[in-house]
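Just below is one structure, and these are the notes that go with it.
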Amino acid sequence: MPRGGSDLTPGEKSGAIAFGSRLSLDRLDSGKRAAAVDGFRGLVYRAYRDFGRDLPWRHTRDPYEILVSEVMLQQTQVGRVAQKYHEFLRAFPVFRDLYEAPLSDVLTVWQGMGYTRRAVALKRIAERVIRDCDGRLPRSPEHLQTFPGIGTATAGAICAYAYNLPTLFIETNIRRVFIHTFFGEHETVSDRQILPLVEETLDHTQPRIWYYALTDYGAALGRRLENPNRKSAGYHRQGPFEGSKRQIRSTIVRALLARGALTLGEIELLCSGTTFGADTILRELQRDGLVQPVGDQWCVAFTPGSSGTV
DNA sequence: ATCCAGTACA
DNA sequence: TGTACTGGAT
């Protein structure tokens with residue numbers, strides 16, 4: 001494990017590439033290019049030694065526990081996930097617990113994390129793993145990506161962290177490292193441009209540790225730079241929360257969890273003052289597997305697979 | 001008031 | 001290829 005360091009100054013040992021260095025692999029012959037890749041790896045590992053993070057989900061290699069952490073880390077910062085992670089695993093220690101739990105229990109524990117849809121996805125993953133996969137999470141990124149809520153980044157991360165496989169993936173900290181280091185002059189950078197560098201620099205001898213190091217270096221860069229990911233082709237700012245659809249969605253789900261069930265009239269009341277009709281929002285929440293109608297009331301879906309059918 | 005994050009589906 | 005999905009920190 002790395003230890004927390006403090007000195008960020010670039011004046012390092014002779015020959016070493018300093019924290020925050022910009023590099024280019026362009027127009028290097030193959031020998032020089034290999035040496036530059038080596039230098040980059042040294043830089044990343046040195047940052048890991050100095051600024052590596054001791055994160056709760058790095059104490060396990062259990063695929064279920066890694067899955068939970070990676071889904072939580074989608075769109076949600078480390079600090080908030082760290083608070084919720086153990087609580088979630090206490091409530092649902094293994095796939096079967098998540099499989100058997102009512103969705104409302106899962107959503108209740110999930111509260112505060114945002115993007116409730118991810119909790120629905122986790123429950124659906126548990127159902128497929130129990131029913132179709134003999135209770136074991138698959139090992140290949142391609143197979144993993146057929147599960148709800150698992151895309152390229154999460155699939156790659158699970159393979160690297162749970163199985164120590166040399167998969168290629170890009171998430172925000174990794175993106176930050178490559179944009180900062182290799183695309184300093186560029187105005188915008190797409191993941192397609194970054195991926196070949198991820199491939200070329202990957203340390204096949206220890207993918208798990210390499211990705212720990214890469215993400216920690218990215219996180220350390222993020223604390224001292226204006227976010228280089230603003231150059232990412234996918235980057236965009238978020239609109240205001242007040243009065244937004246996402247605000248009313250979360251209000252409705254929270255109310256349903258607290259009260260058990262609500263009539264359409266009560267939900268319309270929650271929507272008053274927004275430009276969205278209760279009907280539209282409920283339909284979307286139902287499509288997302290979050291709610292379902294019961295008689296003349298609405299409640300949290302019994303099981304996420306059942307969207308609509310009681 | 002502004003910032004950050006990966007997936008799904010158009 | 002673009003856009004919608006949240007909530008807490010600052």
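Convention: sequence-line order gives letters A, B, ...; per-chain numbering from 1.
Judged purely by distance below 3.5 Å, without hydrogens or angles, the side chains of Gln74(A) and Thr154(A) pair a donor atom with an acceptor atom. Looking at Asp203(A) and Tyr45(A), their side chains do bring a donor and an acceptor atom within 3.5 Å of each other. Of the N and O atoms on the side chains of Asp296(A) and Thr263(A), not one donor lies less than 3.5 Å from an acceptor on the other residue.
Lys231(A) places none of its side-chain heavy atoms less than 4.5 Å from the side chain of Phe183(A).
A cation-pi arrangement is not found for Arg22(A) relative to Phe182(A), the charged atom failing to lie both closer than 6.0 Å to the ring centre and inside a 45° cone about the ring normal. The cationic group of Arg139(A) lies under 6.0 Å from the six-membered ring centre of Tyr163(A) and within 45° of the ring axis, placing it in a cation-pi geometry.
Glu284(A) places its CD atom 12 Å from the P atom of dA10(B), with the value rounded to the nearest Å. One interatomic measurement links the two molecules: CD of Gln145(A) to P of dG6(B), which rounds to 14 Å at whole-angstrom precision. If you measure from atom CD1 of Ile248(A) to atom P of dC5(C), you get 12 Å, rounded to the nearest angstrom. One can place CE of Met113(A) at 15 Å from P of dA5(B), the figure rounded to the nearest angstrom. Here the P atom of nucleotide dA5(B) and the CZ atom of Arg118(A) are 13 Å apart, to the nearest Å. In this structure, CZ of Arg117(A) is placed 11 Å from C1' of dT3(C), rounded to the nearest angstrom. Counting to the nearest Å, the C1' atom of dG7(C) and the CH2 atom of Trp110(A) are 13 Å from each other. In this entry the distance linking CD1 of Ile158(A) with P of dG6(B) reads 14 Å, nearest Å.
For dA5(B), one of the phosphate oxygens OP1 or OP2 lies less than 4.0 angstrom from a side-chain nitrogen or oxygen of Asn229(A). For the OP1/OP2 pair of dG6(B) and a distance below 4.0 Å, the side-chain nitrogens and oxygens of Thr152(A) include no atom meeting the criterion. In this model, the phosphate group of dC5(C) is approached by a side-chain N or O of Lys245(A) to a distance below 4.0 Å at OP1 or OP2.
Counting any heavy atom pair closer than 4.0 Å across all strands shown, Arg249(A) reaches sugar-phosphate atoms only and no base atom. Using a 4.0 Å heavy-atom distance criterion, Phe147(A) is classed as a sugar-phosphate-only contact. Gln247(A) comes within 4.0 angstrom of no nucleic acid atom, judged by non-hydrogen atoms across all strands.
Candidate nucleotides dC5(C), dG6(B), dG7(C) were compared by shortest atom distance to the side chain of Arg254(A), and dG7(C) ranks first. Comparing dT7(B), dC4(B), dG7(C) by their closest approach to the side chain of Thr172(A) singles out dC4(B).
Ranked by how close their nearest DNA chain B nucleotide is to the 5' end, Arg230(A) and Ile150(A) are led by Arg230(A).
Residues from residues 64-84 of chain A lying near DNA chain C, meaning a heavy-atom separation below 4.0 Å, are Gln77(A), Arg80(A) in numerical order. Interface residues of residues 175-201 of chain A facing DNA chain B, ordered by number: Arg175(A), Arg176(A); criterion, heavy-atom separation under 4.0 Å.
Applying the 6.0 Å contact sphere to CZ of Arg259(A) captures no more than 12 heavy atoms from other residues, nucleotides or ligands.
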Decide yes or no on side chain to side chain donor-acceptor pair (under 3.5 Å) for Ser69(A) and Arg58(A), but give the supporting numbers first. CA-CA 10 Å; Ser69(A) 73; Arg58(A) 290 188 183 173; over 6 Å; no
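Here the OG1-CH2 distance, from Thr205(A) to Trp210(A), works out to 10.0 Å after rounding to the nearest 0.5 Å.
Relative orientation of the Tyr48(A) and Tyr212(A) rings is tilted, given thresholds of 30° and 60° on the angle between their planes.
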